[in-house]
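Remarks on the structure that follows.
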2 protein chains.
Amino acid sequence: MKALTDTPGARAGRDAVAQGAAARGLGRDATIYQVADRAGVSIATVSRVLRGTTPVAVETRRRVLAAVDELRFTPSRSARSLAEGQHAANGIVFPDLSGPYFAEVVLGYEEVAAELGRSVLILSTHGRQAARQMVLDLASRVDGLVILGRTVGDEVLADLTARGLPLVLMARDPVAGADTVNAENSESARVLTEHLVHDHGYRSFAFLGDATTSTDTSQRWAAFRTVLREAKVPGPRAPTPCAFDEEGGRIAADRLLRRKRPRVLVCANDEIALGAVLAAEALGLRVPDDLAVTGWDDVMAARHSRPGLTTVRQPMRELGAWAARRLHERLAGDASEPRHEVLPTQLVQRASCGCHQEENR
Amino acid sequence: MKALTDTPGARAGRDAVAQGAAARGLGRDATIYQVADRAGVSIATVSRVLRGTTPVAVETRRRVLAAVDELRFTPSRSARSLAEGQHAANGIVFPDLSGPYFAEVVLGYEEVAAELGRSVLILSTHGRQAARQMVLDLASRVDGLVILGRTVGDEVLADLTARGLPLVLMARDPVAGADTVNAENSESARVLTEHLVHDHGYRSFAFLGDATTSTDTSQRWAAFRTVLREAKVPGPRAPTPCAFDEEGGRIAADRLLRRKRPRVLVCANDEIALGAVLAAEALGLRVPDDLAVTGWDDVMAARHSRPGLTTVRQPMRELGAWAARRLHERLAGDASEPRHEVLPTQLVQRASCGCHQEENR
DNA sequence: GCCGGACATGAAAGCGCTTACAGACACGCC
DNA sequence: GGCGTGTCTGTAAGCGCTTTCATGTCCGGC
């Protein structure tokens, strides 16, 4: 049977080509033409049946669906994207840090995005030089993007929003035209620090973490500093710089503790804190008796370590979920003013700050 | 100036349309036509400059690059994919489990894939009914796929390989035509169990984990069972079924320990084990004095918990990395027989099995 | 002064889909 | 019996790229 619906000549040799080129790549997937052929209808009708945009006679629809089934037809995503001008996909880009924090955010994001029918692309910039290009590249594959931390410069973001690409920024200062979500930082830093100063009466502090690369950290540091000042407790001039992982915490704490002996180490995240505990113990210091240590995030290990790590719980999954939902609203046409959401956090008192000594939790 | 290279009429009103339709979606990104226009060349030349496929005169190239720059042109990914028949993207699909194990695998995968110039799409099936459709959908966006565990049925996999889609299976039984990577299970399970039986002399065991849904677990269970049998130590008939997370471990262990009092709990992963420790302590049992507990994976929390968790370290990132590399080879044309890689694991003895009692690590 | 080849570029066909538009057909009504 | 009206379906123009093929153009060699 000859193809009924082919543009004259246009499809000549299509199958031959398909076979040849099919060794790999997009492979020998059936195309809408083959389905149309088999069902004895035009490709337009096939498309209509598949998308349900226009009523199609019952019998026709049946034939089309049968053909789709027999050929195991799955529409080509790139063709569809090209025609629709949409990708039905969202991206998320995060920096080098690969710990539990980012994993949870991504998971929360993926879960919601999937529910909303969007695929999700991930990109970790690893502080690479090519970050800019990588993000731009990613941007050309998605309808919306969430960007964590200082992965790329403001110009890139401005560029993207100018292009009309909806953006949600996370753990990063706002930029014109983009929504942001963040966990509450200042208030929880204040609560934490006040707990240490007033409830425990500590008078000597250090702060581990790099406030220059992380907005979150600089906010926490600022509030921490303010509370000390208000309480007239001497404090460090600046945070002790420190890579945001366990090893970074261990090294920074080791170096610090060999020079000074603060009573408390306030750390910018749990991994640093856990590394610091290791360093302290290696130096023969008992936590919390000789040195109190606190973290941020409340990752799994914080709960299981002994002493249990006092920390500030962040709604990591919820951060991701919020971003996914917001992006969806934007893509659904919401053109309102950018929103700047701040999600609540919670102080979790465990033993590492000196609480619950009896049970060591 | 009139467009030099436009198909007569075909591009009429392009800009008007672009402006109109641009409010969102693919936006008013510049197209290759605009670049060509601005540089005074044909789109073919622009393409050639950008891809470097064919030599272009120096001066021409300069003009094109200038135009690209001025218009901030980024080629449309879907158009390119459609024309090339390639996506330059890979996918990874994993089941519901969202813990550190999967996070690490994904990270290792992303890192290598990014280096190889491929974007990565992630999909978590969450045991959803629609998993099949979601995976098929994902498959239409990528050139290759890695699939973890029993996320979808064998028919789907057969379907995909038949289509010529390179597949790497992880933590899953092989399927014709697909590569697989797994962590070594039997040998390490044997070493672990022998350690417990011979070095510690334990004679009463339970095994927590669901061997019916996880290939890894069923292999571990089998080797565990074999060692007990060889040593003539009575053991359970079957694993105690248990969800693969902390809460699952806590609940299953609680229920089990209220009925029986095995001396050892061998758990299918660290999260279950950590949950089990919680349950044991809640019942007033001391670990490891009253009850030894072991895990699998060596996640961060295993290292920090007290007692330190005895476990089997898996090279999670390396699993992901291997999959990414293998996929790349396949896409580069390697059509050799499927490979079935097994990556080494390592027993990590900490305190929860009864070792290192003095320091409680 | 003419010819063959190298080199640079343009024209146009596709990639596989969506969708505006138009055509075909059946029906019911005056 | 002619003519709207409504329903279903086909035609073809795009979507923005890549790539094959053809067309110049410019040279050096004879």
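Residue numbers start from 1 in every chain, and the chains themselves are labelled A, B, ... in the order their sequence lines are given, proteins ahead of strands.
Between Thr53(B) and dT19(D) there is no side-chain N or O to OP1 or OP2 distance below 4.0 Å. Within the 4.0 Å cut-off from OP1 or OP2 of dC17(C), not a single side-chain nitrogen or oxygen of Arg51(A) is found.
Both Ala44(B) and Ala79(A) lie close to DNA chain D; mapped to their nearest nucleotides by heavy-atom distance, the more 5′-ward contact belongs to Ala79(A).
Going from atom CZ of Arg61(A) over to atom P of dT9(D) covers 10 Å, rounded to whole Å. In this structure, CD of Glu84(B) is placed 6 Å from P of dT19(D), rounded to the nearest angstrom. Atom pair Leu50(A):CG and dG16(C):C1' shows a separation of 13 Å (rounding to whole Å applied). Atom C1' of nucleotide dA11(C) and atom CD1 of Ile32(B) are separated by 14 Å, given to the nearest angstrom. The separation between Asp37(A) atom CG and dT9(D) atom C1' is 16 Å, rounded to whole Å. Spacing between atom CD of Gln34(B) and atom C1' of dC17(D) amounts to 14 Å, rounded to whole angstrom units. Separating the NE2 atom of His87(B) from the C1' atom of dC17(D) is a distance of 15 Å, rounded to the nearest angstrom. Spacing between atom CD1 of Ile43(B) and atom C1' of dT18(D) amounts to 9 Å, rounded to whole angstrom units.
Under 4.0 Å is where a charged nitrogen must lie from a carboxylate oxygen, and between Asp143(B) and Arg330(B) no such pair does. Classification of Arg63(B) and Glu59(B) as a salt-bridged pair holds, one side-chain N sitting under 4.0 Å from a carboxylate O.
When the nucleotides dC17(D), dT9(D), dT18(C) are ranked by their closest atom to the side chain of Thr54(A), dT9(D) comes out on top. Comparing atom distances between the Leu82(B) side chain and each of dG16(C), dT18(C), dT9(C) picks out dG16(C) as nearest. Considering only the side chain of Tyr33(A), dC17(C) comes nearest among dG10(C), dC17(D), dC17(C). Considering only the side chain of Arg80(A), dC17(C) comes nearest among dT9(D), dC17(C), dT18(D). Across dC15(C), dT19(D), dA8(C), the shortest atom-to-atom separation from the side chain of Ala83(B) is found for dC15(C). Nearest to the side-chain atoms of Ser76(A) among the listed nucleotides dC17(D), dG16(C), dT9(D) stands dG16(C). For Thr45(B), counting side-chain heavy atoms from C-beta on, the closest listed nucleotide (dG16(D), dC15(D), dG10(C)) is dG10(C).
In summary, of the residues considered (Arg326(B), Arg339(B), His340(B)), a side-chain hydrogen bond (donor to acceptor under 3.5 Å, both in side chains) with Thr180(B) occurs for His340(B) alone. For the side chain to side chain contact (heavy atoms under 4.5 Å, CB included) test with Ile122(A), the passing option among Tyr109(A), Phe102(A), Phe94(A) is Phe94(A); the others fail.
Interface remark: the Arg48(B) side chain does form a donor-acceptor pair with the dG10(C) base, using a distance-only criterion of under 3.5 Å.
Arg80(A) and Ser140(B) share no donor-acceptor pair across their side chains, judged by distance under 3.5 Å alone.
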